[in-house]
Amino acid sequence: MKSHNDPGEWRDRLPWPATETHKHMRGRLGVVSGGALSTGAARLAARAGLRGGAGLVKVFCPPDAAVVLAPSLEAVMLAAFTGAEQLQALAEPMDAVVIGPAAGLTDATAHNLMALARTGAALIVDADALTLFQDRPQELFALLDRDDVLTPHEGEFERLFPGLLAAAGREAAAMEAARRAGAVVVLKGAATVIAAHDGRCTVSTHGSPWLATAGSGDVLAGLIGALVAQHMDSFDAACAAAWMHGDAARRFGPGLISEDLPDLIPVVLRGLAEI
């Protein structure tokens, strides 16, 4: 059933902390980084995760990226891994993990995703981790469950679901994609469509053309991850994150770059708390 993405649909389910809440109760979010020259996307996602309320955010990176990331992270934690098995062990305590932004179109990224699927953490799968499976989408879908979230733009969507957009249109295509994947699908665009495997679907038009800038999708992935890590239903989390992401961009307006978005999230959250 299609609806319009309005805060009234999910605001009461946002994970506000209580007086006795400690950081581990607020959710643990992991973000997988690319190599030394590809760390910016993970930093954007991780900062958005913190601003979105995750109590603990940790970036997992290849060893060569650690020396780049360590001086640039403060509240975000850092752990290096040398292979998929070590990544799996490090990610076991996480409630949700973002993988894909600038991760690299390599077999290592595919193996990392497979390892993360064995942890029980909810996965937010974006960018390179989607494109890698363009010729074998069923392998990706076999790794997913209903709490996982795919966040493709139209190009990435076409690679995983060839011809579906042209045949069905955005809303029906997203719903069919969610059914095939058995997960939540966030089809990004001017009107972002969020669909769940059980038939729920909403269209989010509360965006801004200023979001058409490199890295904005990484921020969205981190924000979805933050809400999912706090045990918000994945469909509701994706709806809330898409609206909040757009609201932050609207508040900033011209000149927006992706680095601006995470620090606008507290203002957006404050507004939601006061509605």
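Here the side chains of Phe157 and Leu150 are not in contact, with every heavy-atom distance at 4.5 Å or above. In this structure, Pro101 and Asp128 have side chains that are not in contact, with every pair of non-hydrogen atoms separated by 4.5 Å or more. With a 4.5 Å cut-off on side-chain heavy atoms, Ile99 and Asp126 do not count as touching. Side-chain atoms of Pro266 and Arg51, non-hydrogen and from C-beta on, do get closer than 4.5 Å to each other. No side-chain heavy atom of Arg136 sits under 4.5 Å from any side-chain heavy atom of Phe141. Proximity of Val32 to Leu116: side-chain heavy atoms (C-beta onward) are separated by under 4.5 Å at one or more points. With contacts defined as side-chain heavy-atom distances shorter than 4.5 Å, the pair Val149/Phe235 does not qualify. Looking at Leu269 and Val267, their side chains never come closer than 4.5 Å, going by heavy atoms from C-beta outward.
The aromatic rings of His22 and His24 sit perpendicular, their planes meeting at an angle over 60°, well past the 30° parallel limit.
Looking only at distances, no side-chain donor or acceptor of Glu158 sits under 3.5 Å from a matching main-chain atom of Leu165. Using modelled atom types, no side-chain atom of Ser38 and backbone atom of Gly35 make a donor-acceptor pair closer than 3.5 Å. One N or O on the side chain of Thr202 and one on the backbone of Ser3 form a donor-acceptor pair closer than 3.5 Å. Without hydrogens or angle criteria, Ser33 side chain to Ala42 main chain gives no donor-acceptor distance under 3.5 Å. Formation of a donor-acceptor pair under 3.5 Å by the Arg43 side chain with backbone atoms of Leu73 is not found in this model. For Asp236 (side chain) and Met232 (main-chain N/O), no donor-acceptor pair under 3.5 Å exists by modelled atom type. Checking side-chain atoms of Arg170 against main-chain N and O of Ala191 turns up a donor-acceptor pair under 3.5 Å. Put simply, the side chain of Asp148 gets close to the backbone of Asp145: a donor and an acceptor are under 3.5 Å apart. Between the side chain of Gln230 and the backbone N or O of Ala226, at least one donor-acceptor pair lies under 3.5 Å. Proximity of a side-chain donor or acceptor of Glu156 to a complementary backbone N or O of His153 within less than 3.5 Å is detected.
At a threshold of 4.5 Å between side-chain heavy atoms, the hydrophobic network of Ile, Leu, Val, Met, Phe, Trp and Tyr places Leu272 and Val228 in two separate groups. There is no path of hydrophobic side-chain contacts, each under 4.5 Å, that joins Val98 to Val125. With hydrophobic clusters built from ILVMFWY side chains whose heavy atoms lie under 4.5 angstrom apart, Leu227 does not share a cluster with Leu123. Transitive grouping of hydrophobic side chains (ILVMFWY, heavy atoms separated by less than 4.5 Å) brings Leu113 and Leu87 into a common cluster. Clustering ILVMFWY residues whenever any of their side-chain heavy atoms sit less than 4.5 angstrom apart, transitively, puts Val59 in the very cluster that holds Leu50.
Separation of atoms CG (Leu261) and CG (Leu220) is listed at 9.5 Å; rounding is to 0.5 Å. The distance from atom CD of Gln138 to atom CG of Leu160, rounded to the nearest 0.5 Å, is 10.0 Å. How far OG of Ser216 is from CG of Leu44: 9.5 Å, rounded to the nearest 0.5 Å. Atom CG of residue Asp198 and atom CE of residue Met175 lie 9.5 Å apart, to the nearest 0.5 angstrom. Between the NE2 atom of His4 and the CH2 atom of Trp243 there is a distance of 10.0 Å, given to the nearest 0.5 Å. Note that the CG atom of Asp247 and the OG atom of Ser208 stand 10.5 Å from one another [nearest 0.5 Å].
Counting all heavy atoms, side chain and backbone alike, Ala66 lies closest to Ala80 at CB-CB, 4.5 Å. The two residues His111 and Ala84 make their nearest non-hydrogen contact at O-CB, 3.6 Å. Closest approach of Gly104 to Thr109, counting heavy atoms only: O-OG1, 2.7 Å. Taking every heavy atom of both residues into account, Leu264 and Ala248 meet most closely at CD1-O, 3.3 Å. Looking at every heavy atom in both residues, Gly52 comes nearest to Leu223 through CA-CD1, 3.8 Å. Scanning all heavy atoms of the two residues, the minimum distance from Ser258 to Pro262 falls at O-CD, 3.3 Å.
Heavy atoms from other residues, nucleotides or ligands lying under 6.0 Å from CZ of Arg146 number 12 at most. For CD of Gln86, the number of neighbouring non-hydrogen atoms (other residues, nucleotides, ligands) closer than 6.0 Å is greater than 12.
Between Asp263 and Arg47, at least one side-chain nitrogen of the basic residue sits less than 4.0 Å from a carboxylate oxygen of the acidic one, meeting the salt-bridge criterion. In summary, Lys188 and Glu154 do not engage in a salt bridge, as defined by a charged side-chain N under 4.0 Å from a carboxylate O. Of the charged side-chain nitrogens involved, at least one lies within less than 4.0 Å of a carboxylate oxygen, so that Arg180 and Glu176 count as a salt-bridged pair.
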Show the numbers, then the answer: is there a side-chain contact (heavy atoms from CB on, under 4.5 Å) between Leu56 and Leu29? CA-CA 6 Å; Leu56 181 153; Leu29 175 66; over 6 Å; no
| request: Determine, step by step, whether Lys58 and Leu78 satisfy the side-chain contact (heavy atoms from CB on, under 4.5 Å) criterion, reporting the C-alpha distance in whole Å, the side-chain angles of both residues, the deciding distance to 0.1 Å, and the verdict. | output: CA-CA 5 Å; Lys58 182 176 289 189; Leu78 181 64; 5.9 Å; no
**Prompt:** Between Arg118 and Gln88, does a side-chain contact (heavy atoms from CB on, under 4.5 Å) hold up when you go through it step by step?
**Reply:** CA-CA 7 Å; Arg118 296 192 289 269; Gln88 179 180 341; 3.1 Å; yes
Worksheet item: Do Phe60 and Asn112 pass the side-chain contact (heavy atoms from CB on, under 4.5 Å) test, and can you show the C-alpha distance, the side-chain angles, and the key distance before you say yes or no?
Response: CA-CA 11 Å; Phe60 304 116; Asn112 290 341; over 6 Å; no
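Under 3.5 Å, the side chains of Asn5 and His206 contain no donor-acceptor pair of N or O atoms. The closest side-chain donor-acceptor pair between Arg159 and Thr131 falls under 3.5 angstrom.
Within the structure, every pair that satisfies the side-chain hydrogen bond (donor to acceptor under 3.5 Å, both in side chains) test and touches residues 90-101, not counting sequence neighbours, is listed here: Arg28-Asp95.
For the pairing with His245, the side-chain contact (heavy atoms from CB on, under 4.5 Å) check across Leu211, Val268, Ile265, Thr192 returns one residue only, Leu211. Residue Arg200 forms a side-chain contact (heavy atoms from CB on, under 4.5 Å) with just one option from Asp233, Ile194, Val184, and that option is Asp233.
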